[in-house]
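Everything on this sheet refers to the single structure shown next.
Remember, it's a predicted structure, so these values are computed and weren't measured experimentally. Read the numbers this way: they start at 1 and go in the same order the structure lists the ligands and their atoms.
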Amino acid sequence: MSPKTPVVGLLGGGQLGRMLCESGAPLDAQIAVLDVENCPAKQINNNRHHVTGSFKDPVKIKELAANCDILTVEIEHIETEVLEEIDTNGVQVRNADGTTTNKKVAIHPSWRTLRLVQNKYEQKEYLKNQGIPIAEQMAIESGDAMLASMGEASEKFGFPWMLKARKDSYDGRGNFKISNQKDLEQAVKEFGNLSCYAEKWVPFELELAVMVIRTEDDSGKMKRVVPYPVVETVHEDNICSKVFMPPRNVSENVCKKAQKVATSVVEKLWGRGVFAVEMFLTKEGDIIFNECAPRPHNSGHASIESVPYMSQFKAQLTAILDEPLPDVLEPHVSSSIMINILGGADPGSHLPLVEKAKSMYGSRTAVYVHLYGKESKPSRKIGHITVTGFGSITDLEAFAQPLLKMVDAIRQ
Ligand code: ATP
Ligand code: MG
Ligand code: MG
């Protein structure tokens with residue numbers, strides 16, 4: 001990238017933004033971040049294009065747009081009206097002589113994708129109609145009709161089933177497992193003011209995820225979708241805690257099938273960038289789509305070390321800038337384990353884990369610590385550890401055992 005490289009505007013400057021800036025640094029990429037002062041991304045990337053404020057504020061979004069050539073996101077919960085407006089009309093910029101000009105700013109991924117995926121119910125209805133396998137779902141009425149509506153869901157699906165908020169959920173915060181009649185009353189108390197839907201319980205064997213790079217030309221015609229290797233994601237207390245590559249005890253065939261579902265999902269969305277596709281794997285070997293996040297994702301963190309020539313963060317920049325991509329994303333290691341560092345009961349609960357990780361050197365294995373510059377709070381994602389190896393995932397899991405035990409202890 002030359003000094004004339006376009007300025008990339010980033011909505012949100014958390015850990016994903018920070019790692020995007022890390023991957024952009026050797027490329028001289030200019031990344032302007034809209035978020036609070038001293039957010040994780042700004043801590044490591046000093047430039048005059050940053051904007052201080054909330055990525056939920058349309059005025060600030062326009063201010064950022066005026067500072068950059070292309071807008072992207074590290075979070076999907078963004079006001080899309082203003083993005084649509086910028087995409088359609090461009091943004092006003094003030095010239096040195098006091099006059100104003102209208103500047104075109106590209107938005108990737110498209111606001112259409114963001115708008116669709118923000119509503120998890122609509123996201124799945126759309127993809128179901130495009131032939132993607134999903135768990136059965138039904139709309140739930142809100143307000144006074146909620147209880148009766150949930151009764152219908154109980155009859156239709158049987159216990160347990162999952163009540164989900166359509167919007168703004170992450171780390172399982174918008175989910176409520178309904179196991180009995182009593183849960184229904186509690187759910188009305190907790191979710192009564194939200195727009196919700198019901199989802200059939202999926203008794204999955206395990207969860208899989210695939211990151212997919214998507215590019216398209218300036219007219220919006222899809223050019224390429226390139227999938228990363230499949231990973232197994234483990235969720236504890238509804239938060240992703242560990243990620244294994246390759247998935248443990250999953251056949252090559254099933255992995256191929258998961259990649260196929262993931263690429264089909266991403267083909268049906270709009271814009272350039274990386275997209276995470278979360279899926280369930282059933283006992284019968286069926287893949288069921290769970291949800292898609294159109295941005296770098298926790299399940300792709302190990303790509304920093306396992307696919308070092310094209311991590312998911314570099315891929316986000318490469319795709320939105322429409323630069324050359326490889327045909328296949330072949331890992332440089334045979335196995336990897338990503339372990340999230342979550343804040344524990346005390347601000348220092350995670351420190352022994354970090355010290356242990358820094359001290360571990362094995363034969364043909366490597367341990368990488370990533371800290372996000374965030375204050376520790378219980379269950380908050382404050383860093384991650386990636387362990388890579390040249391042997392089997394079973395051997396690597398044995399090597400990583402001390403770390404796996406320590407993270408489990410922090411959660412207790
Ligand atoms: P994220 O942080 O990934 O955005 P989220 O808040 O959007 O999470 P989901 O992905 O819908 O939530 O669900 C979180 C986790 O809850 C899933 O990864 C899975 O472990 C479990 N889960 C979700 N839906 C179901 C279901 N229908 N049946 C069984 N388990 C489920
Ligand atoms: Mg989600
Ligand atoms: Mg999820």
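- Every atom of ligand 1 with a heavy atom of D171 under 4.0 Å away is listed here by number and element: 1 (P), 2 (O), 6 (O), 8 (O).
- Of the polar atoms of F280, none of the N or O atoms is found under 3.5 Å from an N or O of ligand 1, judged by distance alone.
- Atom 31 (C) of ligand 1 has M162 CE, 3.6 Å as its closest protein atom, hydrogens excluded (heavy atom only).
- Applying the 4.0 Å criterion to heavy atoms of E278 picks out, from ligand 1, the atoms 3 (O), 10 (O).
- Scanning all protein heavy atoms for the shortest distance to atom 6 (O) of ligand 1 gives G172 N, 2.7 Å.
- Under the 30°/60° scheme for interplanar angles, the aromatic rings of Y170 and H77 are found to be tilted.
- Each of R272, M222, E267 was compared with R214 under the side-chain contact (heavy atoms from CB on, under 4.5 Å) criterion, and only M222 meets it.
- Salt-bridge check for K405 with D408: failed, with every basic side-chain N at 4.0 Å or more from each acidic carboxylate O.
- N67 contributes no side-chain N or O that, together with a main-chain N or O of A32, makes up a donor-acceptor pair within less than 3.5 Å.
- Using cut-offs of 30° and 60° on the angle between ring planes, the pair F191 and F176 is perpendicular.
- For atom 10 (O) of ligand 1, the closest non-hydrogen atom on the protein side is E291 OE2, 2.8 Å.
- Around the Mg ion (ligand 2), protein N, O or S atoms at less than 2.8 Å comprise E291 OE1, E291 OE2.
- Counting heavy atoms closer than 4.0 Å to ligand 1, residue N290 contributes side-chain atoms (C-beta onward) but none from N, CA, C or O.
- When only non-hydrogen protein atoms are considered, atom 23 (C) of ligand 1 lies nearest to K164 NZ, 3.4 Å.
- Remark: the backbone N or O of S306 is not paired with any side-chain donor or acceptor of T388 at under 3.5 angstrom.
- For V202, a nitrogen or oxygen atom sits less than 3.5 Å from a nitrogen or oxygen atom of ligand 1, counting backbone and side chain alike.
- In terms of protein heavy atoms, atom 19 (C) of ligand 1 is closest to E207 OE1, 3.2 Å.
- For ligand 1, the atoms sitting less than 4.0 Å from at least one non-hydrogen atom of N238 are 15 (C), 16 (O), numbered in the order shown with element in parentheses.
- At a 4.0 Å heavy-atom cut-off, ligand 1 does not touch W161 at all.
- Residue contact check: Y170 has heavy atoms under 4.0 Å from atoms 2 (O), 4 (O), 6 (O) of ligand 1.
- Heavy-atom proximity to F204, at under 4.0 Å, picks out these atoms of ligand 1: 20 (O), 29 (C), 30 (N).
- Heavy-atom contacts from other residues, nucleotides or ligands closer than 6.0 Å to OH of Y309 number more than 12.
- Checking only distances, N175 does come within under 3.5 Å of ligand 1, N or O to N or O.
- Of the possible polar contacts, one joining the N47 side chain to the H49 backbone as a donor-acceptor pair under 3.5 Å is found.
- Rounding to the nearest 0.5 Å places OG of S110 at 9.5 Å from CG of L269.
- Of all atoms in ligand 1, listed by their number and element, those nearer than 4.0 Å to a heavy atom of E199 are 24 (N), 25 (C), 26 (C), 27 (N).
- A 6.0 Å sphere centred on CG of N89 holds more than 12 heavy atoms belonging to other residues, nucleotides or ligands.
- Residue-level proximity to ligand 1 for I239 is absent, since no heavy atom of it falls below 4.0 angstrom.
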